[in-house]
Amino acid sequence: MEDLLRRELGCGSVKATGHSGGGCISQGQSYDTDIGRVFVKVNAKAEAKRMFEGEMASLTAILKTDTVKVPKPIKVLAGPGGGGAVLVMEHVDMRSLSRHAAKLGAQLAALHLDNKKMGERLQKEAGTVGRGGGQVERPFVDQFGFDVVTCCGYLPQVNDWQKDWVAFYAQQRIQPQMAMVEQGSGDREALELWSALQLKIPDLFRDLDIVPALLHGDLWAGNVAEDSAGPVIFDPASFYGHSEYELAIAGMFGGFGRSFYSAYHSEIPRAPGFEKRLQLYQLFHYLNHWNHFGSGYRGSSLSIMRSLTK
């Protein structure tokens, strides 16, 4: 690995620090180099390059908003010996989120409002004499999706751009997961419930005006932390979607206290029907876990579908 980093990063000196980390998908290791300390994620799967390129694009997009800290991505490389891939990023000294939870709530809301505020600013400038003709560094995004494939875990997400959020979510989030369930187990009850639920989904979004928001996409407690300055989020699976989607997995596994939610909702208040839509968004994550880790997540997936089809 040291030779690979020296060659690809143009470093004279590379030395492992002994600091390692990782989750269920990839493993990581920090290295001291003459361009600074870096954190290197390694995954041996054949699809790792696509996964890491999506993560790099996600980190870059969040970084450009200047709202919440993420590690700066540096480069995606082919893995040592040509197997899998490697993602090199800035090393951040992190500890568990505790005293900066409220700050994370406020900064996450700022991330979610960034594109909306950009649109409002451009609209205002377009109506002002002598303004609106210049180059815009970050254009307003008026559709749902993302420029590249991103992976939630190691499974790819369909990020083709769509104007309609309800269609995007049903067709490009739930339907691919249900197709994997069908292929994996042919679970008839799940498929029947999904057929019934599709008819109910539009009712959950009546009278809602949803402006595309840049999302982290996989914001569970294992992907948030803090350093001495404030919150840090990492391992994103970004796309432009409904801001409420972000809170689904956050609520499934705990780790986000009252101060986080209070700070977030003071900037983005809950809209009518929030609780049912949160269930709908949690359905994606339970199905995704079912397809990653097995049928232990079947019960939760079916329970949500039954609840929403009543």
Y245 vs H285, ring-ring contact (aromatic ring centres under 6.0 Å, His included): CA-CA, chis, key distance, verdict: CA-CA 10 Å; Y245 174 92; H285 292 289; 5.4 Å; yes
With a 4.5 Å limit on heavy-atom distance, are the side chains of [X] and [Y] in contact?
{"X": "P156", "Y": "E47", "answer": "no"}
{"X": "P176", "Y": "Q171", "answer": "no"}
{"X": "T150", "Y": "D218", "answer": "no"}
{"X": "I201", "Y": "F205", "answer": "yes"}
{"X": "S301", "Y": "L283", "answer": "yes"}
{"X": "L204", "Y": "F274", "answer": "no"}
{"X": "F168", "Y": "D160", "answer": "no"}
{"X": "E244", "Y": "R270", "answer": "no"}

Member of T65, N115, T67 meeting the side-chain contact (heavy atoms from CB on, under 4.5 Å) criterion with L214: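 The option that passes is T65.
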Sequence neighbours excluded, which residues qualify as side-chain hydrogen bond (donor to acceptor under 3.5 Å, both in side chains) partners of [X]?
{"X": "R99", "answer": "none"}
{"X": "Y31", "answer": "none"}
{"X": "D34", "answer": "none"}

Salt bridge (Lys or Arg N to Asp or Glu O under 4.0 Å) between R298 and E189, worked out: CA-CA 10 Å; R298 176 182 184 270; E189 186 178 2; 3.4 Å; yes
Just by distance, with hydrogens left out, do [X] and [Y] show a side-chain donor and acceptor under 3.5 Å apart?
{"X": "W290", "Y": "Q177", "result": "no"}
{"X": "Y264", "Y": "H112", "result": "yes"}
{"X": "N159", "Y": "R173", "result": "yes"}

Main-chain N/O of P272 paired with R277 side-chain donor or acceptor, under 3.5 Å: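 Looks like yes, one N/O pair under 3.5 Å.
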Flag, side chain of H100 to backbone of K103, donor-acceptor distance under 3.5 Å: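 Absent.
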Nearest non-hydrogen partners of C151 and A237, listed with the distance: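 Looking at all heavy atoms of both residues, the shortest contact is O-CB, 3.2 Å.
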D3/R6 ion pair, N-O < 4.0 Å: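 Between R6 and D3 there is a salt bridge, with a charged N closer than 4.0 Å to a carboxylate O.
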Side chain to side chain donor-acceptor pair (under 3.5 Å) assessment of Q162 paired with Q143: CA-CA 6 Å; Q162 278 212 54; Q143 297 187 66; over 6 Å; no
Gap between atom CG of L108 and atom CD1 of I268 - 0.5 Å precision: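 Reported to 0.5 Å precision, the distance equals 7.5 Å.
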Transitive ILVMFWY side-chain link V42 to V76, under 4.5 Å: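 V42 and V76: separate clusters.
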